[in-house]
> 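To start, I am sharing the structure in question, which I have written as structure tokens.
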2 protein chains.
Amino acid sequence: MPDSKTTPTARAAGTGTTRATTPTARRSEATRAAILDAARERFATDGYERATIRAIAKDAGIDPSMVMRYYGNKEGLFAAAVSIDLRMSELPAVPRDRIGATLVAHFLTLWEENEQLTALLRVGTTNAAGAERMQDVFRDQMLPVARAACPDPEQVPARAALAATQMLGLALTRYVLRMPPVTALTRDELVAWLGPTLQRYLTAPHSAWPEG
Amino acid sequence: MPDSKTTPTARAAGTGTTRATTPTARRSEATRAAILDAARERFATDGYERATIRAIAKDAGIDPSMVMRYYGNKEGLFAAAVSIDLRMSELPAVPRDRIGATLVAHFLTLWEENEQLTALLRVGTTNAAGAERMQDVFRDQMLPVARAACPDPEQVPARAALAATQMLGLALTRYVLRMPPVTALTRDELVAWLGPTLQRYLTAPHSAWPEG
DNA sequence: TGTGTTGGCCAACAAGCGTTGACATCACTG
DNA sequence: CAGTGATGTCAACGCTTGTTGGCCAACACA
């Protein structure tokens, strides 16, 4: 968004992919993006209630009313700011007995470079819509991975759920609560410890399973 | 607090341990307890920001100003309402190779019969004081257990931290987010699956350990 | 140059929040 | 019976919130 004030229309006019209702190119895309950036950061650090529209607007350097004009209301802003993509397709093809460690490493990278995940986790604990969104992500992006790794299709939801308890627990203690003994663990240590756990949850047989 | 209305003064006068500034016994204990009960429930279901003093007072059937008189302010109310006791001393004496399953079972019982744990977890994700309190509980009540189970004292914090990621992840997905595939798991299934995980985190050697 | 559209700011609204102090009421003591 | 202190209600304060509508400047196009 900086330096774009020199030729705002030209830049927007160059990207003619999305034809808007008006023939004139949009100058507001920079502002919209600035709002989303600020919203993501505020939601990630403060949660839904304490992330005020006024604070987000101040971070973005514009008036609070602009947020309303572009995103309708606070819920619309959150919906627009947080769209989770676990990028499961980018997982390297590994033998089935290494899927656990691969997943842990993948999620660690994901959480560290995308604050939207922290935002959704923080909001999900106090906001009903946020909790539902987390379940959507789980259903649409986590279940398929478990389906590919787990032998028995009937066990897929339970095994994916077990994996979710471990991964979300890591995210909670490390990136939300920031518990010192958890943040002190290195990436390699976490992969080495949690990898076998996910591996077992997803692929190992288990004697206590209801249908044997 | 129930049935105490018959002889309120006599009951309070009997417990002369804390000498109040006034010689008259306290009739207000029932109200104080009602406030704490309502506060615990609201904090557990709504989190810190959305649990308003007005709503808590209405649940308790009294005026909001009473909350202020008895607990000073909202932070004081939360501090008084949420005092976590993991009751680790009630853990049955089991051989060291069964500490994992025992801990999982213990925590499941704890979370299901005490909503203060849910309250603290919800508040901890959006409130700095709540997050600090969680770390206090971890340090004062979780570390000793790990110290008793883990061979090398130097590894205790890291191993306790690993156990915390799994247990808090279970609490988050099951009691806060209430993800259907996690709530669908039975108590026995969870003990059977998560028990070995905690067992390994607390007691098993590991090749990837820094000082091997 | 004139005109309509877009981007942006300003001021204000109603509602809800935590919090406060004045006033009533009751129980008990002297 | 008068008095005192605890218990509780009522009304309001100051503040912040999400949200709205009006106004102005800049631009695109004729």
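Every chain is numbered from 1, with letters handed out A, B, ... down the list of sequences. These figures come from a predicted structure and were not determined experimentally.
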> Without decimals, in angstroms, what is the distance between B:E75 CD and C:dC17 C1'?
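Spelled out: CD on B:E75 to C1' on C:dC17 is 15 Å.
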
> Assign A:Y70 to base, sugar-phosphate, or nothing according to its heavy-atom contacts below 4.0 angstrom with the strands shown.
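If one applies the 4.0 Å heavy-atom cut-off, A:Y70 turns out to touch the sugar-phosphate alone, with no base involved.
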
> Roughly how far, to the nearest 0.5 Å, is the CZ atom of B:R42 from the CG atom of B:D37?
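Answer rounded to 0.5 Å: 13.5 Å.
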
> For B:Q166 and A:T165, does a side-chain donor sit closer than 3.5 Å to a side-chain acceptor?
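Yes - a donor-acceptor pair under 3.5 Å links their side chains.
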
> Tell me the interatomic distance from A:M68, atom CE, to D:dG21, atom P, rounded to whole angstroms.
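To the nearest whole Å, that distance equals 11 Å.
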
> When the distance from NZ of A:K74 to C1' of D:dT20 is rounded to whole Å, what number comes out?
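After rounding, the gap between these two atoms is 17 Å.
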
> Please give, in whole Å, the distance from C:dT19 P to B:I56 CD1?
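Nearest whole value for this atom pair: 11 Å.
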
> Among C:dG8, C:dT19, D:dG18, find the nucleotide with the atom closest to the side chain of A:T31.
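Nearest to the side-chain atoms of A:T31, counting from C-beta on, is C:dG8.
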
> May I ask you to say whether A:R87 pairs ionically with A:E90, meaning some side-chain N is under 4.0 Å from a carboxylate O?
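Counted as a salt bridge, because a side-chain N and a carboxylate O are separated by less than 4.0 Å.
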
> Considering only D:dT19, C:dT19, C:dC9, which nucleotide approaches the side chain of B:N73 most closely?
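Of the candidates, C:dT19 comes closest.
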
> Where the side chain of A:I62 is concerned, which of D:dT17, C:dC9, C:dT19 is the nearest nucleotide?
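Of all the options, the side chain of A:I62 is nearest to C:dC9.
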
> Under a 4.0 Å N-O cut-off, is there an ion pair linking A:R133 with A:D136?
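Salt bridge flag = no for A:D136 with A:R133.
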
> Could you tell me, to 10°, how much the axis swings from one end of the helix from C:dT1-D:dA30 to C:dG30-D:dC1 to the other, five pairs per end?
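So the angle between the two local helix axes works out to 10°.
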
> Can you tell me how far the CZ atom of B:R159 sits from the OG1 atom of B:T203, to the nearest 0.5 Å?
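Answer rounded to 0.5 Å: 7.0 Å.
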
> Send over the distance from B:M66 CE to C:dG18 P, rounded to a whole Å.
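In whole Å, C:dG18 P lies 17 Å from B:M66 CE.
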
> Collect all protein-nucleotide pairs involving nucleotides 10-15 of chain C in which both atoms are nitrogen or oxygen and the distance is under 3.5 Å.
unit_1: C:dC10; atom_1: N4; unit_2: A:D63; atom_2: OD2; d: 3.4
unit_1: C:dC10; atom_1: N4; unit_2: A:S65; atom_2: OG; d: 3.1
unit_1: C:dA12; atom_1: N6; unit_2: A:R54; atom_2: NH2; d: 3.4

> Whole Å only: how far is the CG atom of B:L77 from the C1' atom of C:dT19?
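So the CG-C1' distance, B:L77 to C:dT19, works out to 14 Å.
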
> Could you tell me if B:T126 and A:E49 have a donor-acceptor pair between their side chains, going purely by distance under 3.5 Å?
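The criterion, which ignores hydrogens and geometry beyond distance, is not satisfied for B:T126 and A:E49.
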
> Tell me the interatomic distance from B:Y71, atom OH, to D:dG8, atom P, rounded to whole angstroms.
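That distance rounds to 12 Å.
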
> To the closest 0.5 Å, what do you measure between CD (A:Q116) and CG (A:L121)?
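If I round to the nearest 0.5 Å, the distance is 13.5 Å.
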
> When you compare the side chains of B:R187 and B:T109, does any donor N or O come within less than 3.5 Å of an acceptor on the partner?
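Yes, because at least one side-chain N or O of B:R187 sits under 3.5 Å from a partner of the opposite role on B:T109.
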
> Report the relative orientation of the aromatic rings in B:Y48 and B:F78; use parallel for angles under 30°, tilted for 30 to 60°, perpendicular for over 60°.
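Perpendicular: the ring planes of B:Y48 and B:F78 meet at over 60°.
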
> Nearest whole Å is fine: how far is C:dG16 P from A:R50 CZ?
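Atom CZ in A:R50 sits about 22 Å away from atom P in C:dG16.
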
> Looking at C:dG7, D:dT19, C:dG18, which one has an atom nearest to any side-chain atom of A:R69?
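When the side chain of A:R69 is considered, C:dG7 is the closest of C:dG7, D:dT19, C:dG18.
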
